There are 2 protein chains.
Amino acid sequence: MAKKTVASTESTAARSGRRERRDVRREAAVDAAFFLAEREGVAGLSMRRLGQELDVDAAGLYRLFRDKDELLLAMAERTIAMILDEMGEVTEGEPWQDTLRRIAEGTWQVQTRHPAITVLTFARTTGGPAEQRMVELILSAFARSGLAPDQAVLHYRTYVDTALGLCAHSAALNSLDPDVREKDDTIWTRIYARLPEAAHPVTRSHIDELTRVTQKAIYDTAVEAILAATERAGAEHRNASS
Amino acid sequence: MAKKTVASTESTAARSGRRERRDVRREAAVDAAFFLAEREGVAGLSMRRLGQELDVDAAGLYRLFRDKDELLLAMAERTIAMILDEMGEVTEGEPWQDTLRRIAEGTWQVQTRHPAITVLTFARTTGGPAEQRMVELILSAFARSGLAPDQAVLHYRTYVDTALGLCAHSAALNSLDPDVREKDDTIWTRIYARLPEAAHPVTRSHIDELTRVTQKAIYDTAVEAILAATERAGAEHRNASS
DNA sequence: ACACCGTTGTCAACGGTGTTGTCATTTCTT
DNA sequence: AAGAAATGACAACACCGTTGACAACGGTGT
């Protein structure tokens with residue numbers, strides 16, 4: 001079934017051939033968009049610059065994507081695919097906690113590599129195949145925890161939204177304009193380290209620890225807190241039904 | 001010394017008078033900005049429209065704020081003041097968990113009233129007086145939990161960043177353009193409810209619960225999970241030091 | 001009262017953004 | 001070879017944040 005000749009299937013084959021090529025160009029555009037966003041930050045990812053990067057007029061991109069939002073969703077979908085790629089397979093009999101830990105770790109790694117895309121898409125739903133796989137993966141981990149469906153879903157969403165929210169928080173910090181970032185960073189040493197002890201005693205006595213805590217430690221603590229809450233809810237559920 | 005003229009008290013009085021009037025105009029501008037952001041959404045809050053709202057040329061706003069970022073920080077500062085206002089005083093002997101629950105609740109209420117500002121400022125630090133008060137308030141609650149300083153700070157930041165991340169997540173959902181919001185919302189019924197059961201059994205069997213869970217329930221679950229984690233860490237600390 | 005000077009308001013402009021429409025050119029199918 | 005579909009190039013629209021120049025106003029010092 002190569003490409004040409006044969007009567008009836010010709011039009012569909014031709015059309016699918018074009019579709020394929022269109023998809024290839026879409027993928028190339030998403031590639032360039034990732035490169036651009038990583039290099040120039042969230043404000044540098046514009047349709048004109050993306051066209052410039054691809055040596056194509058910006059208007060031509062609207063033949064590939066209905067609007068910029070569709071491009072962003074394509075980038076979000078690929079981000080999820082990267083996380084799936086990063087974490088590898090779920091081995092038979094792996095504790096559900098470890099599955100969720102590995103997903104959380106992969107999400108964090110990808111977020112660190114692509115903060116701009118994280119900021120732009122962390123509250124969106126793509127509905128694409130990678131997202132579908134991810135939903136099934138995480139949700140079945142929570143189902144394995146032994147919770148009733150409504151509690152499983154509640155903790156699933158708590159896990160996902162918390163992870164996304166914290167990743168977006170960190171990504172937003174990491175993708176501020178350098179001067180603004182500097183300004184925000186130094187507030188702890190410029191302002192909070194010099195507060196009068198009388199009015200702000202606790203802040204002053206914790207100032208060293210405040211400047212030392214890392215975003216990753218915060219993320220890990222939050223993930224573990226939610227896993228522990230899920231375990232507790234599962235234990236209560238089993239006690240109640242026995 | 002003052003500036004040029006010799007009469008010392010006069011110039012400072014005049015200057016403080018001008019400063020006061022300038023601050024009044026700043027406050028009025030922030031008022032209008034809140035009104036505008038609430039009415040027109042995150043994309044509708046522009047300097048030109050804000051000028052239009054105040055019957056002033058947009059360029060005049062740059063006499064009040066160095067740039068748009070400074071306006072946003074002023075709005076963030078006022079947002080924190082609203083939360084402090086909403087939660088009232090900390091009564092003597094109130095359990096630290098309840099203090100943190102009331103702060104979390106106030107934050108959520110203000111976020112739902114002003115989603116646009118939440119999205120625009122959730123990862124920023126103002127360094128202003130309201131923020132200073134809020135830091136001291138939350139941090140002293142965690143100090144009351146009996147944790148060592150480094151653990152207290154770690155859980156303080158986990159609490160704050162998780163709450164901000166989840167509020168920003170919800171706010172971002174609530175301030176999408178209506179058509180995009182509709183598109184994202186219906187993905188669960190358009191896509192996920194129709195997935196083939198063979199490849200996505202768990203998603204299909206939890207579809208009803210997935211469409212029913214609310215952002216507020218997720219938020220409350222996350223906050224309680226972190227409070228529980230803090231309690232556990234405190235208990236371990238007390239056991240270790242006894 | 002007058003001149004002065006800092007503050008305020010107005011206007012135009014620059015370079016940037018997402019997006020649309022038009023028209024010519026290329027590419028592929030029949 | 002002819003016709004249709006896809007692609008590319010260019011200009012344009014309506015916005016955006018921000019800056020500079022310039023006119024009008026108001027209180028101050030002489």
Side-chain angles (χ1 to χ4, degrees), chain A residues 2-26 28-29 33 36-37 40-73 75 116 120 177 179-180, chain B residues 2-26 28-29 33 36-37 40-73 116 120 176-177 179-180:
Chain A
K3 232 180 190 184
K4 333 190 141 180
T5 58
V6 194
S8 66
T9 58
E10 272 179 13
S11 76
T12 63
R15 216 177 272 171
S16 76
R18 302 216 168 166
R19 286 249 163 143
E20 273 176 21
R21 263 176 304 184
R22 209 182 88 113
D23 288 359
V24 169
R25 298 200 315 138
R26 268 179 67 114
L36 191 60
E40 309 276 357
V42 49
L45 177 58
S46 76
M47 300 301 268
R48 283 182 166 87
R49 288 173 93 127
L50 181 55
Q52 192 173 333
E53 192 79 18
L54 293 161
D55 273 312
V56 169
D57 190 271
L61 293 172
Y62 288 83
R63 302 256 158 74
L64 267 37
F65 306 95
R66 192 194 321 277
D67 50 22
K68 191 182 181 181
D69 193 69
E70 198 172 290
L71 166 66
L72 292 179
L73 286 184
M75 296 178 78
L120 292 171
D177 310 40
D179 51 344
V180 177
Chain B
K3 213 174 190 189
K4 296 197 146 188
T5 56
V6 201
S8 60
T9 61
E10 281 180 10
S11 75
T12 61
R15 211 182 278 170
S16 75
R18 304 212 169 163
R19 286 253 161 137
E20 273 175 21
R21 263 177 303 189
R22 208 183 88 113
D23 288 359
V24 169
R25 301 198 313 138
R26 268 179 68 115
L36 191 59
E40 309 276 357
V42 49
L45 177 58
S46 75
M47 301 301 268
R48 282 183 165 86
R49 289 170 95 125
L50 180 55
Q52 193 174 331
E53 192 78 18
L54 292 161
D55 272 312
V56 168
D57 191 274
L61 295 172
Y62 289 84
R63 300 257 156 75
L64 267 38
F65 306 95
R66 192 196 318 280
D67 50 22
K68 192 181 180 181
D69 193 69
E70 198 172 291
L71 167 66
L72 291 179
L73 286 184
L120 291 171
L176 292 174
D177 310 40
D179 50 344
V180 178

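Letters A, B, ... are given to chains in the order of the sequence lines, protein chains preceding strands, and every chain is numbered from 1. Values below: all heavy atoms of this structure, side chains included; hydrogens, waters and symmetry mates excluded. Everything numeric in this text was worked out from a predicted model, so none of it was measured.
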What integer distance in Å separates [X]:[atom1] from [N]:[atom2]?
X: Leu120(A); N: dG18(C); atom1: CG; atom2: C1'; value: 14 Å
X: Met47(A); N: dG15(C); atom1: CE; atom2: P; value: 23 Å
X: Arg49(B); N: dC15(D); atom1: CZ; atom2: P; value: 8 Å
X: Asp23(B); N: dT7(C); atom1: CG; atom2: P; value: 13 Å
X: Arg25(A); N: dT7(D); atom1: CZ; atom2: C1'; value: 7 Å
X: Asp177(A); N: dG16(C); atom1: CG; atom2: P; value: 16 Å
X: Leu50(B); N: dG9(C); atom1: CG; atom2: C1'; value: 15 Å
X: Leu61(B); N: dC16(D); atom1: CG; atom2: C1'; value: 14 Å

Pairwise 5' ranking along DNA chain C for Asp57(A) and Gly44(A), keeping only the more 5' one: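 First, find each residue's nearest nucleotide; the 5'-ward one identifies Gly44(A).
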Under 4.0 angstrom between Arg21(A) side-chain N/O and dC28(C) OP1 or OP2: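 Indeed, a polar side-chain atom of Arg21(A) lies that close.
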Sugar-phosphate, base or nothing in reach of Gly60(A), heavy atoms under 4.0 Å: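 It contacts nothing in the nucleic acid.
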Sugar-phosphate only, base, or nothing, as touched by Ala59(B) at under 4.0 Å among non-hydrogen atoms: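 Base contact.
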Who pairs with dG16(C) - Watson-Crick or G-U, where each distance is under 3.5 Å: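 In the structure as shown, dG16(C) has dC15(D) as its Watson-Crick or wobble partner.
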Base paired to dT30(D) (Watson-Crick or G-U; both N/O distances under 3.5 angstrom):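 dT30(D) is paired, partner dA1(C).
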Basic-acidic side-chain contact under 4.0 Å: Arg26(A), Glu70(A): yes
Shortest side-chain distance from Arg48(A), nucleotide among dT19(C), dT8(C), dT18(D): dT19(C)
Test side chain to side chain contact (heavy atoms under 4.5 Å, CB included) applied to Leu71(B) and Leu64(B), step by step: CA-CA 9 Å; Leu71(B) 167 66; Leu64(B) 267 38; over 6 Å; no
How far does [atom1] of [X] sit from [atom2] of [Y], to the nearest 0.5 angstrom?
X: Arg25(A); Y: Leu54(A); atom1: CZ; atom2: CG; answer: 9.5 Å
X: Leu50(A); Y: Lys68(A); atom1: CG; atom2: NZ; answer: 9.5 Å
X: Arg66(A); Y: Leu61(A); atom1: CZ; atom2: CG; answer: 15.0 Å

Side chain proximity check, Glu40(A) to Leu45(A), heavy atoms < 4.5 angstrom: no
Minimal non-hydrogen separation, Ala58(A) against Met47(A), with atom names: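 Looks like CB-O, 3.7 Å.
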Nucleic acid contacts of residues 62-71 of chain A, taken as heavy-atom distances under 4.0 Å to DNA chain C: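 Output list: Tyr62(A), Arg63(A), Asp67(A), Lys68(A).
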